[in-house]
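When a residue number appears, it is its place in the shown sequence, counting from 1.
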Amino acid sequence: MGNLKKYLSLLKGGAEKHFMKTVNMLLYLMGVFSTMYIVRIGGIPVSTLLAVICIIAIIICRGKVALLGDKCFFAFLCASTLTTILMLLSDTTNFKTQIITLCVMGILYFCSTQMKLLPDSSIKIFFSGLRLSCILHLAWCLIQFFAYQLFDMDINRMIFVDALNMVSNASRYREGTLAITGFCWHPSNLIPVLLISGILLNRWYIWVICFFIVIYAHSGTALLGLMIAFILVLPLHIPQVVARIKKIKISTVFLFFMAVSVVIVVLVKTDLFSIMIEKYRELYERVFSTGDMSAQVHMRYYVMLPFVWLNSSILEILFGCGLGCSGVLFSRYFNQYTQLDAWIVESDPMNYMYSVGIVGFLLFYTWIFQLFRSAKGKNKRYSLLLVCLIICGITYNVQYEWVIMIELAMAICLKRDIDIFQSDSLLWQEKKPKRKIKLC
């Protein structure tokens, strides 16, 4: 009888270990596919499908269910659910969009809730996948750029539309030229990708690649956000830079200046330098010029708030018109994008103000600022990333579902004192001390 119990215990332990490996693999893949918004199966992002599978795997592995995660975000979901119910009672036009958006948010929240049952090593594995995702995304942006410049090929359309039929539109053109969008059809998805890549990977060549991509993404918000992130990150490295400068040899300094001189000559002779300056000038004008049509449209989301409220019911003011449908009000009052059944305004604060009303807006940003407050005393890059996302969100919509998933996972890390920025290696593996070889 004792042997049978021992055998069953070993069997249970082996099964749990096997499921734990499966959970870790799913978390890693979820991190890898998180930024790849265009990679879909049946119209659903692969990262969302992996989140559903991950929930099931964690429940099986742990043998229990965590029902309540982040309380403030849960309150936001409850308010969003109430909004959907109220809107469906009066108007079923955007029923599908509201339900799908709410379900995706619920899945990601429930997935992060189950992740709280896992050890720290599993949480780190998710962010390891995110690191690889950033690297793959940046590499894909460069491939997309050179394929178009050298061979006039739109690889996003060729692969994700024509070949795989994942989406109906996989790329964006501006003034007849392809804009870099990465694994998405709009450069707005690149904004959080570039911010996370720069701050998380934190290598000088990563920053160089990010600034190069911004030139051909034609996104003023991405440029502004990346510049802010870079300026905020610089002071963190001053002590390291000073320490390294003291150790630099004269020969190294000479070689450095020689290399810089060669690069400058190449840039000037090939006109690449003037092209880059011109691109940045265009983007600068887009960001700060009052005559830019896109800037005027974005500004209207703010200045027309009183007009929209005067023509809305009390319920719409308090609870909004439903997740994923904030643009419907501008179609109604300003004939904007009337060809679309449902769309969202391109600004995070206004998106939540119009979609889930004052109540949902306050709950969402209370959650964000609680996350920011909990980052105090931790690695400063947590705070920098959140600040940059908030600032960029003012001028564009960057709070994608996958970004919210990362923020929910970051909340777990902050509570457990897990520093996702402590390792610059691709995989989260502890360095094993080298064995000392004894000489006979």
Side-chain angles (χ1 to χ4, degrees), residues 72-73 75-105 186 188-189 191 219-221 224 286-369 389-401 403-404:
C72 195
F73 192 82
F76 166 74
L77 282 180
C78 290
S80 301
T81 303
L82 179 59
T83 298
T84 302
I85 294 171
L86 291 173
M87 290 303 105
L88 293 181
L89 291 175
S90 58
D91 183 12
T92 59
T93 306
N94 304 305
F95 172 82
K96 185 178 178 181
T97 301
Q98 293 185 49
I99 293 298
I100 290 175
T101 308
L102 185 61
C103 285
V104 170
M105 296 281 261
H186 197 284
S188 63
N189 186 67
I191 299 170
S219 172
T221 300
L224 183 63
R286 282 199 65 206
V287 174
F288 298 103
S289 174
T290 56
D292 183 75
M293 183 59 70
S294 179
Q296 290 179 4
V297 171
H298 284 73
M299 184 63 69
R300 187 167 65 177
Y301 299 141
Y302 288 87
V303 298
M304 287 300 170
L305 179 62
F307 174 84
V308 173
W309 276 356
L310 285 172
N311 291 275
S312 301
S313 64
I314 296 297
L315 286 177
E316 283 182 331
I317 294 172
L318 291 176
F319 298 102
C321 58
L323 281 173
C325 302
S326 57
V328 170
L329 295 173
F330 281 80
S331 294
R332 182 192 303 172
Y333 300 121
F334 306 105
N335 294 319
Q336 185 176 338
Y337 301 147
T338 52
Q339 72 276 16
L340 301 175
D341 294 330
W343 56 283
I344 60 175
V345 300
E346 296 164 323
S347 166
D348 284 329
M350 291 298 98
N351 174 40
Y352 289 109
M353 185 66 77
Y354 291 125
S355 63
V356 287
I358 296 175
V359 175
F361 170 86
L362 291 175
L363 288 172
F364 182 83
Y365 277 96
T366 298
W367 170 64
I368 291 291
F369 285 113
L389 288 173
I390 292 170
I391 293 173
C392 289
I394 294 172
T395 57
Y396 230 110
N397 183 276
V398 300
Q399 287 289 346
Y400 282 79
E401 285 88 352
V403 176
I404 290 174

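When side chains are defined from C-beta on, Ile368 counts as touching Gln399, because their heavy atoms get closer than 4.5 Å. By the 4.5 Å heavy-atom criterion applied to side chains, Thr84 and Ile99 are counted as neighbours. For the pair Tyr333 and Phe307, the minimum side-chain heavy-atom distance is below 4.5 Å. Residues Lys96 and Ile100 form a side-chain contact, since some pair of their non-hydrogen atoms from C-beta on lies under 4.5 Å apart.
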What donor-acceptor contacts under 3.5 angstrom involve side-chain atoms of residues 356-365, with partners at least two apart or in another chain?
none

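Sorted by first and then second residue, the side-chain hydrogen bond (donor to acceptor under 3.5 Å, both in side chains) pairs with a member in residues 309-319 form an empty list; sequence neighbours excluded.
The line from CG of Leu389 to CD1 of Ile404 is 10.5 Å long, rounded to the nearest 0.5 Å. Between atom OH of residue Tyr352 and atom CG of residue Leu323 there is a gap of 7.5 Å, rounded to the nearest 0.5 Å. Taken from OG1 in Thr338 to CH2 in Trp343, the straight-line distance is 10.0 Å, to the nearest 0.5 Å. Rounding to the nearest 0.5 Å gives a distance of 10.5 Å between CE of Met353 and CD1 of Ile317.
By the 6.0 Å and 45° rule, Arg300 does not stack over the aromatic ring of Phe330.
Residue-environment remark: CG (Leu310) exceeds the threshold of 12 foreign heavy atoms within 6.0 Å.
Nearest heavy-atom pair across Met105 and Leu77 is CB-CD2, 3.8 Å. Minimum heavy-atom separation, Gly324 to Thr97: O-CG2, 3.5 Å. When every heavy atom of Asp341 is checked against every heavy atom of Asn94, the shortest pair comes out as O-OD1, 2.8 Å. In terms of heavy atoms, Pro349 sits closest to Ile394 at CD-CA, 4.1 Å. Shown here for Thr366 and Cys72, the closest heavy-atom pair between the two residues is CG2-SG, 3.7 Å.
The side-chain hydrogen bond (donor to acceptor under 3.5 Å, both in side chains) check on Tyr301 picks up Gln336, with sequence neighbours excluded. For Tyr337, there are no side-chain hydrogen bond (donor to acceptor under 3.5 Å, both in side chains) partners, not counting sequence neighbours. The side chain to side chain contact (heavy atoms under 4.5 Å, CB included) test applied to Leu82 returns Leu86, Phe319, not counting sequence neighbours. Applying the side-chain hydrogen bond (donor to acceptor under 3.5 Å, both in side chains) criterion to Ser188, with sequence neighbours excluded, gives His186, Tyr400. With sequence neighbours excluded, the residues that form a side chain to side chain contact (heavy atoms under 4.5 Å, CB included) with Asn351 are Ser326, Ile344, Val345, Ser355, Asn397. Under the side chain to side chain contact (heavy atoms under 4.5 Å, CB included) criterion, Cys78 pairs with Phe74, not counting sequence neighbours. Looking at residues two or more places apart in sequence or on another chain, you find no salt bridge (Lys or Arg N to Asp or Glu O under 4.0 Å) involving Glu401. Under the rule for a side-chain hydrogen bond (donor to acceptor under 3.5 Å, both in side chains), Thr101 has no partner lying at least two apart in sequence or in another chain.
The main-chain N or O of Ile390 is never found under 3.5 Å from a side-chain atom of Asp348 such that the two would form a donor-acceptor pair.
Among the candidates Thr83, Leu88, Thr81, the single residue satisfying the side-chain contact (heavy atoms from CB on, under 4.5 Å) test with Ile85 is Thr81.
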